[in-house]
Protein chains: 2
Amino acid sequence: MVEQLNQAQLRCWRAYIETSLWLNAQLEDDLRSATGLSMTDYQVLVLLSEAPRQRLRMGELANRMAFAPSRATYQVDSMAKRGLVVRESCPEDRRGSQAVLTASGLLTLREAAPHHLVSVRRHFVDALDEAELACLTRAFERLGKRGGTPPATSQDTQA
Amino acid sequence: MVEQLNQAQLRCWRAYIETSLWLNAQLEDDLRSATGLSMTDYQVLVLLSEAPRQRLRMGELANRMAFAPSRATYQVDSMAKRGLVVRESCPEDRRGSQAVLTASGLLTLREAAPHHLVSVRRHFVDALDEAELACLTRAFERLGKRGGTPPATSQDTQA
DNA sequence: GGCATGTTGTTCAGATTTGAAAGAGTGGTA
DNA sequence: TACCACTCTTTCAAATCTGAACAACATGCC
């Protein structure tokens, strides 16, 4: 059997995947119990709050959140029921639909943020020294720049 | 309001959380289309394959997977229907129940692994240089040890 | 033994998520 | 204009996930 990853690579991957699983569960629990929001809710609020005019097209939202399209619909509807966002139809493309942050949504985010950040700090940031922080930032920002795959030049499938 | 995180810390966190969201979606899609397994299925297979006698108590499984207890029940039942595991009751504690890897489950894992590892490589490992690899390993192994479920390498973990 | 208390898993109802298919619009082209 | 291929989003049914309530057992204490 061809070895796909060497020892060090595999170890890194396992550390990452198992820890991120756990980390996510911690943050989810903390956030939920402190604010009633899910991580998903929170992330959507953050994206909207940073978007121009505090609104995003459904597709753009889905894309940034790595959502299936139907999930975006459900999520936004769910948040709309709670008054965090409203839907508006898109002037320049009548197929389109936008999620728009409400004042209440923004307030909810501002109230939730400190709790969440304490949690982030406790479970993540506080455990990292300055060098690690820089290293992680660099690595994940690079990874996040998609395309991370396309080279059709497949000399990769073995090691 | 006290500032919870400085610029560098926040940036690191955002890079991590957004990228890990995206990364997860990629791996999920790749694995699903190559093998029909979900990441969750795969992780459970890995844990079982490494466990002594290839079996785990429900609670232990739930713990390591950061599952709510009822999710463990559902997941194992689902995998049992597909023949990947079987359930056995626990000799030393009659409340208990174990998930046991089947030959078919092990075979499924062995067939899925190469595909999955190619995907891991393309989306994750290949983008990291040696120093980053070491740094991430150290950081995530430390993070994982905080009160949760220490990532198990192989072959230890008794009881 | 007989009982209180804590553990371990399951069940159930309801919430979330997914993929496939459909509805509605857009843009290009003849 | 009419048509065609494509894009954006929603709908629907089925799969998955969660928390609360429960059943079965274990343990310690009298």
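Atom set for the values below is all heavy atoms of this structure, side chains included, hydrogens, waters and symmetry mates excluded. Lettering follows sequence order; numbering is per chain, from 1.
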When you measure from the side chain of A:Gln9 to the backbone of A:Asn6, do you find a donor-acceptor pair of N or O atoms at a distance under 3.5 Å? yes

Under 4.0 Å protein heavy-atom contact, by nucleotide of nucleotides 21-29 of chain C - B base, S sugar-phosphate only: ---BBS---

Please output the side-chain donor-acceptor pairs of residues 97-108 of chain A that fall under 3.5 Å, not counting sequence neighbours, one pair per line with the distance.
| unit_1 | atom_1 | unit_2 | atom_2 | d |
| --- | --- | --- | --- | --- |
| A:Ser97 | OG | A:Arg87 | NH1 | 2.9 |
| A:Gln98 | OE1 | A:Arg55 | NH1 | 3.4 |
| A:Thr102 | OG1 | A:Gly83 | O | 2.7 |
| A:Thr102 | OG1 | A:Leu84 | O | 2.9 |
| A:Thr102 | OG1 | A:Ser104 | N | 3.4 |
| A:Thr102 | OG1 | A:Gly105 | N | 2.8 |
| A:Thr108 | OG1 | A:Ser104 | O | 2.8 |

Go through the structure and list residues passing side chain to side chain donor-acceptor pair (under 3.5 Å) with [X], not counting sequence neighbours.
{"X": "A:Glu50", "value": "B:Arg14"}
{"X": "B:Asn24", "value": "none"}
{"X": "A:Thr35", "value": "none"}

Would you be so kind as to tabulate the donor-acceptor pairs closer than 3.5 Å made by side chains of residues 65-73 of chain A, with sequence neighbours excluded?
none

What residues form a salt bridge (charged side-chain N to carboxylate O under 4.0 Å, His left out) with A:Glu111, not counting sequence neighbours? none

Mind checking what makes salt bridge (charged side-chain N to carboxylate O under 4.0 Å, His left out) contact with A:Arg82, not counting sequence neighbours? A:Asp41

Sorted by number, the residues of residues 70-86 of chain A with heavy-atom contact under 4.0 Å to DNA chain C: A:Ser70, A:Arg71, A:Tyr74, A:Gln75

Proximity to DNA chain C (any heavy atom under 4.0 Å), residues of residues 36-57 of chain A only: none

So, are A:Arg11 and B:Glu141 salt-bridged, with charged N and O less than 4.0 Å apart? yes

Would you mind classifying the nucleic acid contact of A:Arg87 as base, sugar-phosphate or nothing, using non-hydrogen atoms under 4.0 angstrom? sugar-phosphate

B:Phe124 and A:Phe140 aromatic ring geometry - parallel, tilted or perpendicular at 30°/60° bounds: tilted

Could you tell me from which nucleotide to which nucleotide of DNA chain D, 5' to 3', there is an atom under 4.0 Å from chain B heavy atoms? D:dA15 to D:dA26

Under the criterion salt bridge (charged side-chain N to carboxylate O under 4.0 Å, His left out), I'd like the reasoning laid out for B:Arg64 against A:Glu18: C-alpha separation, chi angles, the key distance, then a yes or no. CA-CA 8 Å; B:Arg64 296 234 216 151; A:Glu18 291 181 9; over 6 Å; no

Does anything in residues 84-117 of chain A pair up under ring pair (Phe, Tyr, Trp, His ring centres under 6.0 Å), and if so which pairs, sequence neighbours excluded? A:Tyr42-A:His116

